[in-house]
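Below is one structure, written out as structure tokens; the observations come after it.
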Amino acid sequence: MSGPVTVGARDMAGRDRLVRVIDALAEVFADLSAGRTRSPARTVIEHGTHGGELGPRRQLLAGTAVWERRGVGSVKITTLTPDNPDRGLPLIHGVVVLTDLDTGRITALLDGAELTAVRTGAVAGLATRLCAPEDAEDLAVLGAGVQARALVRAVSAVRPIRSVRVFSRTRARTETFAEWIRATAGHPGRTGRPVEVSVCDTAKDAVADAAVICTATSTDGRTPLVAADWVAPGAHINVIGGTHEDAIEVDPTLLASAFVVVEERAAALDDAGEVRVALADGLIGVAELHELGALVTGATAADGRTSVFRGVGMAIEDTAAAAALHEAATAEAR
């Protein structure tokens, strides 16, 4: 009997695989909404001291979930180390173990850091597919790390992006990120025109007039990086950064007038900083948090207002993404 398939970063690359993951996530969120599956809360252990003083909030995370309709389960172990980018190291390291529920066999071992980036980008891609205007062409990205790259890929897979404006706090990393976009997405896109890439001096410059905005920073602060009045009416925003449940990237007051989308209400109440503040301040009610599964099934729909997707990551997303990528790797090996 053959052992588990190893699925590395290269095996997760390419638009076809990414779209496969987006489609699998749509299926699993529909199941989650219908009560056909669930996503248990992750185990999170915070640690990290320097010379006896509390340092950055480092985390060791473990998540497990099963997707019975597809006959798969997964266990993911990851580490999140906020000071790693300054060392030239990835923010996230990890591994995902995929299992066959019928036989109990371990069927695949996947690069956990890359899978996290792919599925997080894909969830934002799904939200963009469901909420952003069909003709959305202008993308703004705050952040210049691995996750920012995944977001560019995912949004470009579902909308005809022709211009990308980027900003992050480290100019050199931002320039490198911009060069990567030019090399990988700078060819003529779905509009038939070359994709224009600009490095901005401020977050405000990047966000202004963008149809789609993505924030993917490693902030641990409670001061918004994006002010509400910077966002153009009708824009769609994917908020997926921050290193803990109280970190904020976008001004929570924006949620008061926006169509707010979350993966699952319970997960957002636990881990989404902007949502937690908006609820505490009475800006929105829990009923105004629209779950992705409800959008997938058509139970609700974006209504033309500015839309904000606040993602926190769920174990069932790893299961669905791992299943899709394993199926792709297996099909290609035949």
Side-chain angles (χ1 to χ4, degrees), residues 15 18 85 91 117 120-129 131-219 221 223-242 247-251 254 258 274 305-311:
R15 185 180 183 279
L18 178 57
L91 175 69
T120 305
V123 173
L126 176 61
T128 303
R129 178 196 279 175
C131 296
E134 288 283 346
D135 60 353
E137 297 181 330
D138 304 307
L139 171 64
V141 181
L142 304 190
V146 170
Q147 194 58 69
R149 297 186 181 203
L151 286 164
V152 170
R153 294 188 193 101
V155 173
S156 298
V158 299
R159 287 296 181 267
I161 299 301
R162 67 174 181 83
S163 71
V164 183
R165 297 194 296 274
V166 299
F167 170 79
S168 77
R169 63 185 177 86
T170 306
R171 184 75 181 201
R173 291 186 72 215
T174 312
E175 294 284 0
T176 299
F177 177 41
E179 285 302 318
W180 174 86
I181 299 172
R182 294 185 184 103
T184 59
H187 54 79
R190 289 161 58 185
T191 62
R193 291 172 289 179
V195 176
E196 299 176 3
V197 185
S198 304
V199 174
C200 297
D201 293 325
T202 67
K204 183 177 182 179
D205 289 342
V207 166
D209 298 323
V212 180
I213 300 164
C214 296
T215 61
T217 72
S218 56
T219 183
T223 301
L225 305 177
V226 177
D229 60 3
W230 297 353
V231 179
H236 172 68
I237 310 169
N238 296 306
V239 184
I240 57 91
I248 290 175
E249 291 188 307
V250 173
D251 188 344
L254 180 63
E274 290 84 356
R305 284 182 288 164
T306 299
S307 53
V308 178
F309 168 63
R310 202 340 169 171

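From a predicted model like this one, the values you see are computed outputs, not experimental measurements.
- In terms of heavy-atom proximity, Ala150 sits nearest to Ala117 at CB-O, 3.3 Å.
- The shortest heavy-atom contact between Cys200 and Phe167 is O-CD1, 3.4 Å.
- With values rounded to the nearest 0.5 angstrom, Glu179 atom CD is found 10.5 Å from Thr184 atom OG1.
- Within the model, atoms CG of Leu142 and CD1 of Ile213 stand 8.0 Å from one another, a figure rounded to the nearest 0.5 Å.
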Donor-acceptor pairs are to be reported for all side-chain atoms of residues 226-239 against protein atoms at under 3.5 Å, with residues two or more places apart or in another chain.
| residue | atom | partner | partner atom | Å |
| --- | --- | --- | --- | --- |
| His236 | ND1 | Ser307 | OG | 2.7 |
| His236 | NE2 | Asn238 | OD1 | 2.8 |
| Asn238 | ND2 | Thr128 | OG1 | 2.9 |

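- To the nearest 0.5 Å, atoms CD (Gln147) and SG (Cys214) are separated by 9.5 Å.
- A donor-acceptor contact shorter than 3.5 Å links the side chain of Arg165 to the backbone of Ala208.
- Legend: residues meeting side-chain hydrogen bond (donor to acceptor under 3.5 Å, both in side chains) with Ser168, ordered by chain and number and at least two apart, are Thr174.
- With sequence neighbours excluded, the residues satisfying side-chain hydrogen bond (donor to acceptor under 3.5 Å, both in side chains) with Thr202 are Asp205.
- Looking at Glu274, its side chain does come within 3.5 Å of a backbone N or O of Val250 through a donor-acceptor pair.
- In terms of heavy atoms, Ala206 sits closest to Ala210 at O-CB, 4.2 Å.
- Ser163 pairs by the side-chain hydrogen bond (donor to acceptor under 3.5 Å, both in side chains) definition with Asp138, not counting sequence neighbours.
- Between the side chain of Arg15 and the backbone N or O of Ala157, at least one donor-acceptor pair lies under 3.5 Å.
- Each of Val199, Val164, Val152 was scored for a side-chain contact (heavy atoms from CB on, under 4.5 Å) with Phe177, with one residue passing: Val152.
- Listed here is the closest heavy atom pair of Ala247 and Gly242: CB-CA, 3.8 Å.
- Separation of atoms CG (Leu254) and OG1 (Thr306) is listed at 6.5 Å; rounding is to 0.5 Å.
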message: If you apply the rule side chain to side chain contact (heavy atoms under 4.5 Å, CB included), what do you find for Phe309 with Leu126, and how did you get there?
response: CA-CA 10 Å; Phe309 168 63; Leu126 176 61; over 6 Å; no
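- Smallest separation of non-hydrogen atoms from Asp201 and Arg171: OD1-NH1, 2.8 Å.
- Shown here is Arg305, whose CZ atom has more than 12 heavy atoms of other residues, nucleotides or ligands within 6.0 Å.
- With sequence neighbours left out, the salt bridge (Lys or Arg N to Asp or Glu O under 4.0 Å) criterion links Arg153 to no other residue.
- Taking both residues in full, the closest heavy atoms of Ala136 and Ala211 are given as CB-CB, 3.8 Å, listed atom of the first, atom of the second, then distance.
- In this structure, Glu134 CD and Arg159 CZ are separated by 4.5 Å, a value rounded to the nearest 0.5 Å.
- Remark: Glu249 pairs with Thr215, Thr217 by the side-chain hydrogen bond (donor to acceptor under 3.5 Å, both in side chains) rule, at least two apart or across chains.
- Note that OG1 of Thr120 and CD1 of Ile240 are 6.0 Å apart. Values are rounded to the nearest 0.5 Å.
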